[in-house]
Q: 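Below are the structure tokens for one structure; questions will follow.
The residues of the chain are indexed from 1 along the displayed sequence.
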Amino acid sequence: MRYFFRYIVVLIISINFAYANTIELIVSSSPGGPNDIVTRKIGAELEKTNLKLLILNKPGAAHTIAYQYVYYSNKPTLILSTTEIENHKVYEILNEIFIVGNFKNLLFVSSKSNINNIDDIIFLSKRRQIKFGYGGVGSFSYAAMKTICEQNLNSNCLEVAYKGGAAGLLDVIRGEIDSYALVSYGSSQFINDDKLKVIYDIDIGKEKSWVKLFGKNISSEDKKTILNVLNNMDRKFFIDMGFKK
């Protein structure tokens, strides 16, 4: 029996040691969302090295849940994030590792729709209310929706909140809503969907649209490995994600 308990103790110590050297790669969106798609692609490349990764989805509250988790965590942590992070205290304790690029917001409608450009949707808004989906208050899709509705549609919009872009775009295809604005990175799968079409891109300025990989408690050796991987990743990946280096 004592050998059994000794085995258990050794096993627990081994697991704790292995986990202590694991880097948590935090995804601030639901599975299938833009952040999830890009983070997992980067994670797959990092796992080809000697790095030990644990990918965790922490969606909710316009990324705030993920930021809070990182803020209070003492583990080695990576998180891919956008300008929104500047509004959270976690930004002050993170180290910038890699500038991935900039993005735009793309306005999607159904491919069956008669709406082919922003002028069409403005014209339609004079006849009826436009159902406009967004991904939660504080998100870039929310900012894009408010910009279009207030500046172009005379606020003749019905705002429809979604937990993620995939759910919103599904309702665009179904005809439940007229449009949905989604960030360009992670949108390649939707751009190539013949049931959807992009009619407008909303440029919010480079100073407001960056995407960066941040780290916390990352060793200098691991940082060098991460930088080497990202610098050598297929540039086509970044182009497909809508980034501009």
Q: Looking just at side-chain N and O atoms, do Tyr162 and Asp171 make a donor-acceptor pair shorter than 3.5 Å?
A: yes

Q: Can a donor-acceptor pair be found, under 3.5 Å and without considering hydrogens, that links the side chain of Thr225 to the backbone of Glu221?
A: yes

Q: Say you draw a straight line from NZ of Lys212 to CD1 of Ile79; how long is it, rounded to the nearest 0.5 Å?
A: 14.0 Å

Q: Below 4.5 Å, heavy atoms only, C-beta onward: do Val27 and Leu56 meet side chain to side chain?
A: no

Q: Roughly how far, to the nearest 0.5 Å, is the CG atom of Leu182 from the OH atom of Tyr134?
A: 15.5 Å

Q: Kindly indicate, with the supporting measurements, whether the criterion salt bridge (charged side-chain N to carboxylate O under 4.0 Å, His left out) is fulfilled by Glu159 and Lys146.
A: CA-CA 9 Å; Glu159 303 173 6; Lys146 296 297 286 187; 3.0 Å; yes

Q: Given Tyr200, which partner from the list Ile121, Leu107, Asp119 fulfils the side-chain contact (heavy atoms from CB on, under 4.5 Å) test?
A: Leu107

Q: Looking at Ile23, Ile26, Leu25, which hits side-chain contact (heavy atoms from CB on, under 4.5 Å) with Ile55?
A: Leu25

Q: Tell me whether Leu227 is reachable from Val38 by hopping between hydrophobic residues (I, L, V, M, F, W, Y) whose side-chain heavy atoms are closer than 4.5 Å.
A: yes

Q: Checking the side chain of His63 only, and the main-chain atoms of Ser28 only, is there a donor and an acceptor separated by less than 3.5 Å?
A: yes

Q: What distance do Leu46 atom CG and Thr39 atom OG1 have between them, rounded to the nearest 0.5 Å?
A: 10.5 Å

Q: Whether Lys89 engages the ring of Tyr71 as a cation-pi pair (distance to the six-membered ring centre under 6.0 angstrom, angle to the ring normal within 45°) should be assessed.
A: yes

Q: Verify side chain to side chain contact (heavy atoms under 4.5 Å, CB included) between Lys216 and Asn95, making sure each step is shown before the conclusion.
A: CA-CA 6 Å; Lys216 180 182 177 183; Asn95 296 311; over 6 Å; no

Q: Between Val183 and Ile42, is there a shared hydrophobic cluster once you connect ILVMFWY residues whose side-chain heavy atoms come closer than 4.5 Å?
A: yes

Q: Indicate if Leu53 and Met233 have the same hydrophobic cluster label, given that clusters are the connected sets of ILVMFWY residues with side-chain heavy-atom separations under 4.5 angstrom.
A: yes

Q: Report yes if the side chains of Asn231 and Phe98 come closer than 4.5 Å at any heavy-atom pair, otherwise no.
A: yes

Q: Ile177 and Ile202: same hydrophobic cluster, using ILVMFWY side-chain contacts below 4.5 Å?
A: no

Q: Assess the side chains of Thr82 and Glu84: does a donor N or O sit below 3.5 Å from an acceptor N or O?
A: yes

Q: Should Tyr91 and Ser81 be marked as a side-chain hydrogen bond (donor to acceptor under 3.5 Å, both in side chains) after you check the CA-CA gap, both sets of side-chain angles, and the distance that decides it?
A: CA-CA 10 Å; Tyr91 182 71; Ser81 194; over 6 Å; no

Q: Could Lys52 and Glu47 be called an ion pair, given the rule that one side-chain N must be under 4.0 Å from one carboxylate O?
A: no

Q: Indicate the atoms forming the closest heavy-atom contact of Leu153 with Ser125, along with that distance.
A: CD2-OG, 3.7 Å

Q: One pair to check against side chain to side chain contact (heavy atoms under 4.5 Å, CB included): Ile130 and Asn156. What are the steps and the verdict?
A: CA-CA 6 Å; Ile130 300 298; Asn156 192 21; 5.8 Å; no

Q: Is it the case that over 12 heavy atoms from other parts of the model lie below 6.0 angstrom from the CG atom of Asn192?
A: yes

Q: Leu94 versus Ile85: any side-chain heavy-atom pair under 4.5 Å?
A: yes

Q: Please tell me if the side chains of Thr147 and Asn152 come closer than 4.5 Å, counting only heavy atoms from C-beta onward.
A: no

Q: Does a side chain donor of either Arg40 or Asn35 reach within less than 3.5 Å of an acceptor in the other side chain?
A: no

Q: Could you report the tightest heavy-atom contact between Ser111 and Asp194, atom names first, then the distance?
A: OG-O, 2.8 Å

Q: So which heavy atom on Phe132 is nearest to which on Cys149, and how close?
A: CD1-SG, 3.8 Å

Q: Nearest 0.5 Å, please: how far is CG in Asp193 from OG in Ser110?
A: 9.5 Å

Q: Rounded at 0.5 Å granularity, tell me how far CZ in Phe190 sits from CG in Leu196.
A: 8.0 Å

Q: Which atoms form the tightest heavy-atom contact between Val109 and Val172, and what is the distance?
A: C-CG1, 3.4 Å

Q: side-chain hydrogen bond (donor to acceptor under 3.5 Å, both in side chains), that's the test. Do Asn57 and Asp36 meet it? Break it down for me.
A: CA-CA 8 Å; Asn57 285 82; Asp36 185 66; 3.1 Å; yes

Q: What is the minimum heavy-atom distance between Phe108 and Ser187, and which atoms define it?
A: CZ-CB, 4.4 Å

Q: For the NZ atom of Lys104 and the OG atom of Ser209, what is their distance to the nearest 0.5 Å?
A: 9.0 Å

Q: Side chains of Gln68 and Val90: does their closest heavy-atom pair fall under 4.5 Å?
A: no

Q: Given side chain to side chain contact (heavy atoms under 4.5 Å, CB included), test Asn117 with Asp120 step by step and report yes or no.
A: CA-CA 5 Å; Asn117 51 55; Asp120 287 344; 3.4 Å; yes

Q: Examine the side chains of Lys197 and Asn116 and answer whether a donor and an acceptor come within less than 3.5 Å of each other.
A: yes

Q: Do Glu24 and Tyr69 get their side chains close enough for a donor-acceptor pair, meaning under 3.5 Å?
A: yes

Q: May I ask you to establish whether Lys41 and Phe237 are in a cation-pi arrangement, using a distance under 6.0 Å from NZ or CZ to the six-membered ring centre and at most 45° from the ring axis?
A: yes

Q: To check you understand the geometry: which heavy-atom pair defines the closest contact between Pro59 and Ser29, and what is its length?
A: CB-C, 3.5 Å

Q: Identify whether the distance between the nearest side-chain nitrogen and carboxylate oxygen of Asp178 and Arg128 falls below 4.0 Å.
A: yes

Q: For Asn228, does its backbone N or O pair with a side-chain atom of Asn232 as donor and acceptor, under 3.5 Å?
A: yes

Q: Kindly determine whether Val100 and Trp210 satisfy side chain to side chain contact (heavy atoms under 4.5 Å, CB included), including the steps that lead there.
A: CA-CA 8 Å; Val100 179; Trp210 50 254; over 6 Å; no

Q: Indicate, with yes or no, if the rings of Tyr185 and Phe103 have centres closer together than 6.0 Å.
A: yes

Q: For the residue pair Asn217 / Asn74, report whether a side-chain donor-acceptor contact shorter than 3.5 Å exists.
A: no

Q: Quick check on the hydrophobic clustering: are Tyr180 and Leu158 connected, directly or via other members, by side-chain heavy-atom contacts under 4.5 Å?
A: yes

Q: Take a 6.0 Å sphere around CD of Glu96 and say whether it holds more than 12 heavy atoms from other residues, nucleotides or ligands.
A: yes

Q: Check this for me, if you would: do Lys48 and Glu45 make a salt bridge, where the nitrogen-to-carboxylate-oxygen distance has to be below 4.0 angstrom?
A: yes

